[in-house]
Amino acid sequence: SVWVRSDSVGIVAHEVGHCFGLAHANYWDTAGTSSIGAGTNAEYGDSYDNMGGGPTPAGQYNAQAKSQIKWLPPEYRQDVTQSGLYRIYAFDQARLNPARRYAMTVTKDAQRTYWGEVRSLFSTNAWASSGMILGWRFPSGSGSNVQLIDTTPGSQFGKEDAPISLGNTFSDTEAGIHMTAV
């Protein structure tokens, strides 16, 4: 249970997320030197997620969090284990179609799993509305929720352009993982 002294829908949604067992949605902060290199956990850093300070209603819980609380069952997720072309749909909608996949996961190693998601409610952010937001679940360093990954480190836009934009590729050369938004 939770006690909230606020009439803010965003604060109530955030605190109810804690009641569901969700941790804060954070950000992997490399100080702009790389996407996934040496860095630190930035608490509340996922600006696309209500558990990280994202706006209401666009900043819904991320796909991994919705999966964790069983709002996005495993059959609606694409677990990628080999190269290929995979389509995912925006998951921030009222009704899910069983024939579609709304998130993708790619296992990096024993500690980290990438989560890719598409959102439709960030219409004022061209990168988020037409790209794939990427994070990783990194229990040892992120409090058991996804950390947002900035796929354009060092850009003048900071985290605002963090998603993989159409036609661009994110690469984890260490793990041999490459993702291109098409």
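A quick note: this is a predicted structure, and the numbers were derived from the prediction, not measured.
- Side chains of Asp29 and Thr40: a donor-acceptor N/O pair is absent below 3.5 angstrom, by distance only.
- Of the residues Val146, Leu134, Ile149, the one that meets the side chain to side chain contact (heavy atoms under 4.5 Å, CB included) test with Trp115 is Val146.
- Note on Tyr89 and Tyr76: same hydrophobic cluster, where clusters join Ile, Leu, Val, Met, Phe, Trp and Tyr whose side-chain heavy atoms are under 4.5 Å apart, directly or indirectly.
- Between Asp7 and Val12 the shortest side-chain heavy-atom distance does not fall below 4.5 Å.
- Ile164 is not connected to Leu166 by any chain of hydrophobic side-chain contacts under 4.5 Å among Ile, Leu, Val, Met, Phe, Trp and Tyr, and they are in different clusters.
- Remark: Tyr86 OH to Met104 CE distance equals 8.0 Å, nearest 0.5 Å.
- In terms of heavy atoms, Thr105 sits closest to Arg77 at CG2-CD, 3.4 Å.
- Here the CD1-OG distance, from Ile177 to Ser83, works out to 10.0 Å after rounding to the nearest 0.5 Å.
- The heavy-atom pair separating Pro57 from Gln60 by the smallest distance is O-CG, 3.4 Å.
- For the pair Asp49/Leu148, no side-chain contact is recorded, criterion being any heavy-atom separation below 4.5 Å from C-beta on.
- In terms of heavy atoms, Gly37 sits closest to Thr30 at O-CG2, 3.7 Å.
- Aromatic ring pairs are classed by plane angle as parallel below 30°, tilted from 30° to 60° and perpendicular above 60°; the pair Trp127 and Phe157 is tilted.
- Interatomic distance, Trp136 CH2 to Asp172 CG, rounded to the nearest 0.5 Å: 7.5 Å.
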Practice prompt. Just do the side-chain contact (heavy atoms from CB on, under 4.5 Å) check on Leu72 and Leu96 with the steps written out, would you?
Written response: CA-CA 9 Å; Leu72 185 65; Leu96 302 179; 3.7 Å; yes
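- Side-chain N or O atoms of Asp150 include none that pairs as donor or acceptor with a backbone N or O of Gly32 at under 3.5 Å.
- Under the 4.5 Å side-chain heavy-atom criterion for grouping Ile, Leu, Val, Met, Phe, Trp and Tyr, Met179 is connected to Val80 within one hydrophobic cluster.
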Discussion item. For Asn97 and Tyr102: C-alpha separation, side-chain torsions, deciding distance, then whether side-chain contact (heavy atoms from CB on, under 4.5 Å) applies.
Written reply: CA-CA 9 Å; Asn97 178 338; Tyr102 294 95; 3.4 Å; yes
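- Between Thr107 and Asp109, the side chains place no donor N or O within less than 3.5 Å of an acceptor N or O (distance only, hydrogens not considered).
- In the hydrophobic cluster analysis, where Ile, Leu, Val, Met, Phe, Trp and Tyr join through side-chain heavy atoms closer than 4.5 angstrom, Val9 is grouped apart from Val4.
- Here Gln78 contributes atom CD and Ile88 contributes atom CD1; the two are 9.5 Å apart, rounded to the nearest 0.5 Å.
- Under the 4.5 Å side-chain criterion, counting only non-hydrogen atoms from C-beta, Asn50 is in contact with Thr56.
- In this structure, Arg137 and Gln68 have side chains that are in contact, with non-hydrogen atoms separated by less than 4.5 Å.
- Between Tyr48 and Ala128, the shortest heavy-atom distance links the atoms CE2-CB, 3.5 Å.
- For the pair Thr151 (side chain) and Pro163 (backbone), a donor-acceptor distance under 3.5 Å is present.
- For the pair Arg101 and Asp79, the minimum side-chain heavy-atom distance is 4.5 Å or more.
- The shortest distance between side-chain heavy atoms of Asn41 and Gln147 falls below 4.5 Å.
- Within the 4.5 Å cutoff, side-chain heavy atoms of His14 are placed close to those of His24.
- The aromatic rings of Tyr114 and Phe170 stand perpendicular to each other, their planes meeting at an angle above 60°, with 30° marking the opposite boundary.
- Proximity of Phe122 to Pro55: side-chain heavy atoms (C-beta onward) are separated by under 4.5 Å at one or more points.
- With rounding to the nearest 0.5 Å, the separation of OG in Ser67 from CD in Glu117 is 11.5 Å.
- Distance check, rounded to the nearest 0.5 Å: CG of Asn125 to OG of Ser123 gives 9.5 Å.
- Using a 4.5 Å cut-off between side-chain heavy atoms of Ile, Leu, Val, Met, Phe, Trp and Tyr, with links allowed through other members, Met132 and Val106 fall into the same hydrophobic cluster.
- Ring geometry for Phe20 against Tyr61 counts as perpendicular: the plane angle is over 60°, on a 0 to 90° scale with 30° as the lower cut.
- For the residue pair Ala63 and Phe91, the shortest heavy atom distance occurs at N-CZ, 3.7 Å.
- Across Asn145 and Gln64, no two heavy atoms sit closer than the pair OD1-OE1, 3.3 Å.
- By the 6.0 Å contact criterion, CD on Glu75 is enclosed, its count of non-hydrogen atoms from other residues, nucleotides or ligands being greater than 12.
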Practice prompt. Decide yes or no on side-chain contact (heavy atoms from CB on, under 4.5 Å) for His178 and Thr173, but give the supporting numbers first.
Written response: CA-CA 8 Å; His178 309 279; Thr173 53; 4.2 Å; yes
